[in-house]
K.L.:
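The structure under discussion is supplied below as structure tokens; questions concerning it will follow.
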Amino acid sequence: MEQINYKLEVFEGPMDLLLHLISKHKLNINDIPIVELVNQYLDYVRQMEDADFEVAGDFLEMAARLIYIKTVSLLPRHEEAEKLKKELTGELIEYQACKEMAEKLSKQTDGFNRFVRDPQPGYINYDYERFHEGEELLNAYIAAAGKAQRKLPPPLDSFKAIVARKFVNVASKITTVMRKLSTKKKTKFLDLFSDAQSKSDLVATFLAVLELAKTKKISIDGSIDNPDVKLLEEVNGVEE
């Protein structure tokens with residue numbers, strides 16, 4: 001049977017009616033006089049029938065429950081009645097707390113209207129149609145996995161800066177400096193670096209000049225900005 005909300009005094013169910021009767025007749029919800037409550041409840045159900053309302057099943061079920069509690073409470077040993085009464089009291093207290101909280105929430109949301117749009121049908125294409133080169137996929141994987149997580153060796157590009165760098169030997173630059181001075185005997189210091197092609201070239205040339213000066217094969221004199229470099233070693237010996 002379909003449940004209907006009754007509005008003799010606006011009760012949405014048997015629990016709501018019981019709370020109304022307890023409040024109206026100032027009964028103690030923690031110690032309900034079950035006989036009095038049963039009589040009041042049944043009177044209200046009869047009023048609903050007299051008003052041509054179709055009494056919902058849950059109201060009738062509660063009426064039967066109350067009558068049973070009343071019946072067993074009249075027995076000499078009524079432990080079951082006390083247990084059933086305690087269960088009903090707990091349900092009423094819990095229902096009352098939920099009702100009070102619902103009223104508070106209703107007041108907090110007064111004036112707010114909510115509009116929810118129905119889900120809209122859409123098309124999702126699950127076929128991935130882009131094309132990627134293998135190197136692009138590898139780089140994407142490495143970026144996603146992180147350097148600490150990846151098990152693959154570093155890409156070859158990582159070694160280009162090291163492997164492609166030419167190592168310049170200082171001894172070879174000593175030969176180059178001596179060859180330049182053997183033709184001119186004397187040249188400007190900066191001219192010795194004119195054909196350098198890299199930082200390694202510059203450093204090796206500078207170390208070569210220092211080594212030649214240390215062994216007294218050349219002398220460095222003149223302006224601080226660009227001194228002269230002179231060859232001291234002659235073909236037949238060292239110049240005095």
K.L.:
Can you tell me how far the CD1 atom of I34 sits from the CG atom of L84, to the nearest 0.5 Å?
P.N.:
9.0 Å

K.L.:
Under the criterion side chain to side chain contact (heavy atoms under 4.5 Å, CB included), which of L210, V209, L212 is the partner of I220?
P.N.:
V209

K.L.:
Can you tell me how far apart CD (E80) and OG1 (T71) are? Round to the nearest 0.5 Å.
P.N.:
10.5 Å

K.L.:
For side chain to side chain contact (heavy atoms under 4.5 Å, CB included), just list the numbers for L21 and E36, CA-CA rounded to whole Å, side-chain angles, deciding distance to a tenth of an Å, and then say yes or no.
P.N.:
CA-CA 10 Å; L21 295 173; E36 185 177 353; over 6 Å; no

K.L.:
Look at the aromatic rings of Y41 and F59 and report parallel, tilted or perpendicular, splitting at 30° and 60°.
P.N.:
parallel

K.L.:
Closest heavy-atom contact between L202 and F193?
P.N.:
O-CE2, 3.5 Å

K.L.:
So how far is it from D31 CG to T89 OG1, rounded to the nearest 0.5 Å?
P.N.:
8.0 Å

K.L.:
Could you walk me through whether N30 and I93 satisfy the side chain to side chain contact (heavy atoms under 4.5 Å, CB included) test, starting with their C-alpha distance in whole Å, then the side-chain angles of each, then the deciding distance to 0.1 Å, before giving a yes or no?
P.N.:
CA-CA 8 Å; N30 294 300; I93 293 174; 3.3 Å; yes

K.L.:
If I compare all heavy atoms of K180 with all of L192, which pair ends up nearest, and what's the gap?
P.N.:
NZ-O, 3.3 Å

K.L.:
Please say yes or no: joined through hydrophobic side-chain contacts below 4.5 Å, possibly via intermediate residues, are L88 and L74 part of one cluster?
P.N.:
no

K.L.:
Give, for atom CD1 of I218 and atom CG of L181, the distance between the pair rounded to the nearest 0.5 Å.
P.N.:
6.5 Å

K.L.:
May I ask you to check whether over 12 heavy atoms, not counting those of E91, lie within 6.0 Å of atom CD?
P.N.:
yes

K.L.:
Could you grab the distance from atom CG of L66 to atom CD of E61, nearest 0.5 Å is fine?
P.N.:
10.5 Å

K.L.:
Apply the test side chain to side chain contact (heavy atoms under 4.5 Å, CB included) to residues Q40 and L27: give CA-CA distance (whole Å), side-chain angles for both, the deciding distance (0.1 Å), then the verdict.
P.N.:
CA-CA 12 Å; Q40 294 168 4; L27 304 178; 4.2 Å; yes

K.L.:
List the steps and the verdict of side chain to side chain contact (heavy atoms under 4.5 Å, CB included) for K188 and D228.
P.N.:
CA-CA 5 Å; K188 292 294 183 181; D228 296 322; 2.9 Å; yes

K.L.:
Check whether any side-chain heavy atom of K70 lies under 4.5 Å from a side-chain heavy atom of L37, and answer yes or no.
P.N.:
no

K.L.:
Taking C-beta and beyond as the side chain, do L42 and R46 meet within less than 4.5 Å on heavy atoms?
P.N.:
yes

K.L.:
Is a side-chain N or O of S73 found less than 3.5 angstrom from the main chain of I69, in a donor-acceptor match?
P.N.:
yes

K.L.:
Is it the case that more than 12 heavy atoms not belonging to F189 sit under 6.0 Å from its CZ atom?
P.N.:
yes

K.L.:
Is the count of non-hydrogen atoms from other residues, nucleotides or ligands lying under 6.0 Å from E136 atom CD greater than 12?
P.N.:
yes

K.L.:
CE/M62 to CZ/R65 distance, rounded to the nearest 0.5 angstrom?
P.N.:
5.0 Å

K.L.:
Please confirm whether the backbone N or O of L190 pairs with a side-chain atom of S194, one donor and one acceptor, at under 3.5 Å?
P.N.:
no

